[in-house]
2 protein chains.
Amino acid sequence: MDKDITIYDIAKELDLSPTTVSRALNDHPAVNKNTKQKIYSMASQLGYRSNMFASNLRRQRTNTIGVIVPKLNSNFMSSVIAGMEKVANEADYNLIISQSLETVEKEIANAKTMFNSRVDGLLVSLAFDTENMDHFEPFISKDIPVIFYDRVSDHKQFAGVVIDNVQASYEATTHLIEQGCQNIIHITGNLRRNVYADRLKGFKYALLDNDLPFSDASVIINNLSEDAGVEAAQQILQMDSRPDGLFVSNDTCAVHCMKTLTHAGISIPDEIAVVGFNNDPICRVVEPSLSSIDYPGYEMGEVAVRSLIHYLSGLADTSVTRITLRSELIIRSSSLRKGKENNKGKALALLPETK
Amino acid sequence: MDKDITIYDIAKELDLSPTTVSRALNDHPAVNKNTKQKIYSMASQLGYRSNMFASNLRRQRTNTIGVIVPKLNSNFMSSVIAGMEKVANEADYNLIISQSLETVEKEIANAKTMFNSRVDGLLVSLAFDTENMDHFEPFISKDIPVIFYDRVSDHKQFAGVVIDNVQASYEATTHLIEQGCQNIIHITGNLRRNVYADRLKGFKYALLDNDLPFSDASVIINNLSEDAGVEAAQQILQMDSRPDGLFVSNDTCAVHCMKTLTHAGISIPDEIAVVGFNNDPICRVVEPSLSSIDYPGYEMGEVAVRSLIHYLSGLADTSVTRITLRSELIIRSSSLRKGKENNKGKALALLPETK
DNA sequence: TTGACAATTACAACCGATTGCATATTTTTT
DNA sequence: AAAAAATATGCAATCGGTTGTAATTGTCAA
């Protein structure tokens with residue numbers, strides 16, 4: 001366990017001042033090329049590694065990005081994190097990740113921790129029941145950028161990376177209508193969250209544009225869990241006029257709802273056509289395979305970190321307050337009815353083994 | 001954007017020395033109770049937050065744990081991380097997470113980054129093709145604890161958190177044999193990794209104990225991906241004597257292999273019975289539902305961080321070099337043959353909706 | 001030869017908390 | 001009442017880089 005090498009050691013070894021060594025290591029232009037070379041080689045020879053804490057202390061920045069995520073262990077969210085990690089790593093930023101577990105309380109606690117850890121910037125996807133944004137105030141007032149992803153804040157002051165949920169939902173609903181569905185149920189999450197509110201909006205618009213009636217009874221709001229899916233199916237089975245289409249805001253919920261319906265003897269897609277959301281791997285495994293909205297998680301993570309770093313580098317384009325990524329309806333067996341293949345050239349993915 | 005409050009501000013305000021303030025905030029016994037109270041309330045009144053960097057610089061520790069994970073976006077790994085995050089957070093440690101993406105090169109780079117970030121300890125699950133442990137040497141020689149989880153190192157000097165893969169595999173294989181399988185194929189990953197080597201061992205032992213022959217042809221080694229599963233199925237379809245049992249080291253691979261076989265007209269479990277590994281949610285979704293080894297990811301994450309922190313707190317029990325968690329065979333339709341329900345009281349999970 | 005100017009390098013203060021040692025104050029003991 | 005011990009507080013150095021400003025050296029034109 002040998003002692004750590006500091007810039008002072010390098011300086012002494014080369015008979016220079018720590019100042020010059022520090023500047024050289026930061027590639028400061030005011031240091032002679034030859035000197036730099038000498039310092040570099042001496043540094044690596046001695047096994048020097050910079051002390052981030054000394055540096056951070058002096059520079060008042062941490063090269064650390066905080067990430068608050070509702071729940072880590074879902075396919076979508078872990079893809080997002082994977083994307084974030086990649087970009088952050090490449091740009092020499094560290095990530096501190098914490099989960100709100102879908103509750104405001106934990107989200108507030110997380111925000112506080114992040115603030116105390118003095119993150120340079122914060123990336124947040126809001127918990128189900130977060131109402132106000134007060135816990136992000138400390139960041140704002142200290143000019144620490146906060147960027148939302150997926151579950152964003154409505155307040156115009158906050159930047160966010162999203163997909164066009166209205167459009168995606170509109171597309172999914174229209175697809176169901178094209179397949180002959182006349183009575184579609186939409187299962188979605190807490191409407192305080194933009195993602196769910198927007199999807200409901202898209203659902204309504206699609207009905208409207210196709211002269212189909214909308215009523216509150218067409219919407220089931222739950223927490224989109226497995227159990228909620230099963231429960232929703234039971235609810236549907238009890239309905240007076242059974243729906244012939246189902247658009248669910250989340251694949252897990254959709255799958256378990258669908259399976260429950262199948263077990264109750266309902267045939268999918270003929271009696272009820274189903275579309276999910278997220279395009280989780282699970283979609284290609286369930287029988288019948290589940291149509292879904294492909295949702296670029298990995299990319300969303302990359303973009304979120306990239307714009308945060310962009311902002312931190314002072315290249316901020318403060319006018320850009322929303323970045324919208326593409327999303328795409330993937331049609332599979334769960335919503336494709338025989339003799340209805342008028343899909344206007346949309347992507348098809350009939351066979352389960354198709355990617 | 002108001003200036004940050006430091007202990008000097010608090011000291012000045014109360015006409016005390018920074019020393020006392022620092023001690024009070026660390027609950028040092030040599031500070032008077034009343035003084036402490038005054039300092040606490042002044043601190044919160046002024047909105048003081050400790051500067052980790054100054055503190056870390058002085059104390060030469062970071063309260064940060066590094067985590068190297070092969071791939072973040074799998075159900076198992078994200079559960080592990082979720083568990084780690086929970087415990088770390090509770091103990092006021094930060095997590096720095098990075099992915100090796102299953103390659104040594106990235107793993108080495110990650111280790112270097114972690115080392116330069118001066119993590120207090122390191123948690124590692126090895127990449128597929130990691131051969132030697134040289135990149136962890138710097139940690140060892142600086143007395144920074146490295147604990148492995150799941151994919152551990154064989155070297156006795158490294159501690160690790162694991163399940164008993166031999167036992168789990170033995171159980172799964174025995175179960176297949178009990179269901180009447182006489183010719184079982186084992187699909188697994190790179191044998192350099194303990195998890196796969198051990199599972200092969202358990203597989204062999206089970207055959208041996210049941211007087212079934214083992215040959216190299218009974219083992220398929222691949223990267224356990226979706227595609228590998230499809231490919232393995234094609235391989236199986238070409239075999240002269242078609243197997244009647246299949247034990248796969250990973251659910252994703254098992255599921256796609258199974259689906260390919262089903263599509264080729266093979267009936268599961270009657271013609272081929274299948275058992276996977278990990279008990280991913282996907283197991284309960286696929287038709288027929290997939291038997292699998294339940295693998296406590298979340299718990300593994302918790303335990304790993306807990307023992308690392310334990311070690312860092314000096315409570316180290318250096319003799320404990322392996323912590324083994326329970327794992328359990330979950331029997332579902334993919335391996336349960338009719339009229340063979342002699343399962344000696346094992347857990348059953350026949351219906352897809354069963355948790 | 002000298003002053004202007006650029007190119008390098010160094011000095012020294014600073015970032016904010018921690019801690020060994022010394023000092024001051026109070027309490028206990030004899 | 002003096003000495004010893006216990007309690008509470010402060011001084012000042014330290015952790016390892018960073019940076020504004022000053023000093024030194026060299027170059028070139030006048």
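Fair warning: this is a prediction, and the values are worked out from it, not measured in the lab.
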Without decimals, in angstroms, what is the distance between [X] [atom1] and [N] [atom2]?
| X | N | atom1 | atom2 | value |
| --- | --- | --- | --- | --- |
| B:Ile39 | D:dT9 | CD1 | C1' | 10 Å |
| A:Leu25 | D:dT18 | CG | P | 8 Å |
| B:Arg58 | D:dG17 | CZ | P | 16 Å |
| A:Met52 | D:dT18 | CE | C1' | 15 Å |
| B:Asn51 | D:dC15 | CG | P | 18 Å |
| A:Phe53 | D:dG17 | CZ | C1' | 13 Å |
| B:Leu14 | D:dT9 | CG | C1' | 14 Å |
| A:Ile10 | D:dT18 | CD1 | C1' | 15 Å |

Name the nucleic acid region contacted by [X], choosing base, sugar-phosphate or nothing; use a 4.0 angstrom heavy-atom cut-off, strictly under.
| X | result |
| --- | --- |
| A:Ser22 | base |
| A:Asn26 | sugar-phosphate |
| A:Asn34 | nothing |
| B:Tyr8 | base |

Could you point out which residue of A:Lys86, A:Met300, A:Met84, A:His310 forms a side chain to side chain contact (heavy atoms under 4.5 Å, CB included) with A:Val305?
A:Met84
Is there a side-chain polar atom (N or O) of [X] under 4.0 Å from OP1 or OP2 of [N]?
| X | N | value |
| --- | --- | --- |
| B:Asn32 | D:dA8 | yes |
| A:Tyr48 | D:dG17 | yes |
| B:Gln60 | D:dT14 | no |
| B:Ser17 | D:dT9 | no |

I'd like to check the side-chain contact (heavy atoms from CB on, under 4.5 Å) partners of A:Leu16; sequence neighbours left out, ordered by chain and number.
A:Leu14, A:Thr35, A:Ile39
Ring centroid separation A:Phe136 to A:Phe148 under 6.0 Å
yes
Please evaluate the base of D:dT18 for a donor-acceptor partner in the side chain of A:Arg59 within a cut-off of under 3.5 Å?
no
Could you check whether A:Arg118 pairs with B:Asp4 (Lys NZ or Arg NE/NH1/NH2 to Asp/Glu carboxylate O, under 4.0 Å)?
yes
Going by an N to O cut-off under 4.0 Å, is there a salt bridge joining B:Arg193 and B:Glu102?
no
May I ask you to decide if A:Leu57's main-chain N or O and B:Asn51's side chain share a donor-acceptor pair within less than 3.5 Å?
no
Please confirm whether the backbone N or O of A:Asn75 pairs with a side-chain atom of B:Asn75, one donor and one acceptor, at under 3.5 Å?
no
Is it true that [Y] and [X] share a donor-acceptor pair across their side chains at a distance under 3.5 Å?
| X | Y | result |
| --- | --- | --- |
| B:Arg61 | B:Asn63 | yes |
| A:Ser17 | A:Thr20 | yes |
| A:Thr62 | A:Asp120 | yes |

At a heavy-atom distance below 4.0 Å, which nucleotide of DNA chain C is the first touched by chain B, and which is the last?
C:dG16 to C:dC21
Protein-nucleic acid N or O pairs under 3.5 Å, nucleotides 20-28 of chain D:
unit_1, atom_1, unit_2, atom_2, d
D:dG20, O6, A:Arg23, NH2, 2.8

Between B:Ala54 and B:Leu16, whichever has its closest DNA chain D nucleotide further toward 5' is B:Leu16
